[in-house]
Amino acid sequence: MNISVYGLGRVGLVTAVCFARKGYTVFGFDQNVQLIEQIRRHEAPFHEPHLADYINETVRNRRLHLNEENSESEFIFITVGTPSTSDGGIDLSQVKRAAAKIELAPSTVKRIIVVKSTVIPGTARMLADTIFNKVPNNGAKVCSNPEFLREGNAIQDTEFPDRIIIGGDDHAAMQKLEGLYKDFCGQRIPPVVQTTFENAEMIKYASNAFLATKISFINCLAGIASKTQNADIKSIANGIGLDPRIGDKFLNAGLGWGGSCFPKDLDALLAYSKKVRYDALILKATRDTNKRQWKTAVTYAKAALGSFKNKKISVLGLAFKPDTDDMREAVSIRIINQLVKMEANVAVFDPAAMNTARKIWGKKVTYAKDPQECVKGSYCCILATEWDEFRILEPHFFLTQMAKPILVDGRRVYDPKRYRNAGIKFFAIGLGPVQDDGK
Ligand code: UDX
């Protein structure tokens, strides 16, 4: 069976290689010729575990074709980007362009256009009404099919999804799409929800908004805990997470959420709420809590050091989360910009995001080749992303490398007692003062 995928970004490329690896013949399209060339050279255009192997295999065995016309694709996935507009709304121009291109492409089969890009409620129906229903178009039907993959886990999430949401108003097309997933997932087919276009589109926003709210909630509680003697948000999160109605996932307090989805999708949902005249108070609080969360790291560093002027400060972790080189809306950007503004000599290290970082700061910061070079001689170290290779850094490492052993654990990876007992001035998100602190 032939499948086409329009837009080979983080969602589209992963979707394309996963289908191709399962034996489908996939035609991937992207207007970015550099990206296409990179994939043709079997290179992964971004850091994602296993992606390079999947590209290598599927391009070599000609399961994945790049920018090659094909008129026999039964399923056509739209996976282009939906960036934010200046007012936080959603820019649908890439989706519309892709739809117009698909409409014009020759086809010898009945096509099902699958909108995977994250779009506000009503978008897929609008595409169906204005583009695909306009002309006979070989009877093309539209389905909405939001994507829930996480960066750093994208291949696994695509191959083993935890649910499949299909929105639409054509029962036969929705059944066919469900059939494709049954074939793709085999025995491990998860629950499938067939619903309206608008519900499917809203489920995507609701999922991301809920998860972002869960994190902002625990960060809010972390703020209260940090001002409460002998309190620790880790223990509090553990205690509430045992209630199955709450659950223990996404309760890691930290410097806040970033990435290409939560900030953009929350803004888009807020803009949509405004458009339909609903004052979404919880969503505003979720966003506002996150907007200030990063400041905690600077506040702790300042409390310990006073002035940053001409002092080396090391920042471990730049990507918005581990296992990716993506720095979109990463909290590290705000933290480092502030440190630079306060005249610190900032040294940074990230296992995957150094090239991205160089484009952001140029000569304003120093780029270390490993954690040791980064931390060496620094007066304070801020851990901003919890890569595994930072988790294993022992108290001894900081004590022997740093000019002053002041550590701000922005992701709660270290055991406070151990690091404090070893002689490190240790700060962490959601960690209250201990009884003898400051005496
Ligand atoms: C998210 C959704 O999880 C995914 O389903 C959707 O398809 C796209 O958006 P992603 O952006 O890849 O995925 O990252 P995710 O793992 O969800 O983390 C988002 C942010 O929240 C990161 O900055 C992460 O550090 C932060 N986070 C996550 C916390 O601060 N605490 C947590 O407990 C979990």
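In each ligand, atom 1 is the first atom listed, and ligand 1 is the first ligand listed.
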Would you mind checking if [Y] and [X] are paired as a salt bridge, meaning a charged N to carboxylate O distance below 4.0 Å?
X: Arg41; Y: Glu37; answer: no
X: Glu159; Y: Lys22; answer: no
X: Glu74; Y: Arg111; answer: no
X: Glu48; Y: Arg150; answer: no
X: Asp232; Y: Arg412; answer: yes
X: Lys284; Y: Asp279; answer: yes
X: Glu151; Y: Lys321; answer: no
X: Asp267; Y: Lys264; answer: no
X: Arg287; Y: Asp265; answer: no

Can you tell me if [X] contacts ligand 1 (heavy atom of the residue under 4.0 Å from the ligand)?
X: Gly254; result: no
X: Lys249; result: no
X: Lys204; result: yes

For [atom], grab the closest protein heavy atom and report residue, atom and distance to one decimal in Å.
atom: atom 1 (C) of ligand 1; result: Phe262 CE1, 3.4 Å
atom: atom 3 (O) of ligand 1; result: Arg150 CG, 3.4 Å
atom: atom 5 (O) of ligand 1; result: Phe148 O, 2.7 Å
atom: atom 12 (O) of ligand 1; result: Glu151 N, 2.7 Å
atom: atom 20 (C) of ligand 1; result: Trp257 CB, 3.6 Å
atom: atom 17 (O) of ligand 1; result: Phe250 CZ, 3.3 Å
atom: atom 27 (N) of ligand 1; result: Ile215 CD1, 3.4 Å
atom: atom 6 (C) of ligand 1; result: Leu149 O, 3.4 Å

| query | If you take all heavy atoms of Leu393 and Pro371, which pair is closest and at what distance? | reply | CD1-CB, 4.3 Å
| said: How close do Leu318 and Thr385 get, counting heavy atoms only, and between which atoms? | reply: N-OG1, 3.4 Å
N/O separation below 3.5 Å, [X] to ligand 1:
X: Phe320; result: yes
X: Ser260; result: no
X: Lys321; result: yes
X: Cys261; result: no
X: Asn252; result: yes

| task | Could you point out which residue of Tyr419, Phe397, Phe390 forms a ring-ring contact (aromatic ring centres under 6.0 Å, His included) with Tyr414? | result | Tyr419
| said: If the cut-off is 4.0 Å to any non-hydrogen atom of Glu147, which atoms of ligand 1 fall inside it? | reply: 7 (O)
| query | Numbering the atoms of ligand 1 from 1, which are under 4.0 Å from a heavy atom of Arg411? | reply | 25 (O), 30 (O)
| said: At under 4.0 Å between heavy atoms, is it the side chain or the backbone of Glu329 that contacts ligand 1, or both, or neither? | reply: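 Neither; nothing of Glu329 gets under 4.0 Å from ligand 1.
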| task | Measure Leu251 to ligand 1 on non-hydrogen atoms and call it side chain, backbone, both or neither using the 4.0 Å cut-off. | result | backbone
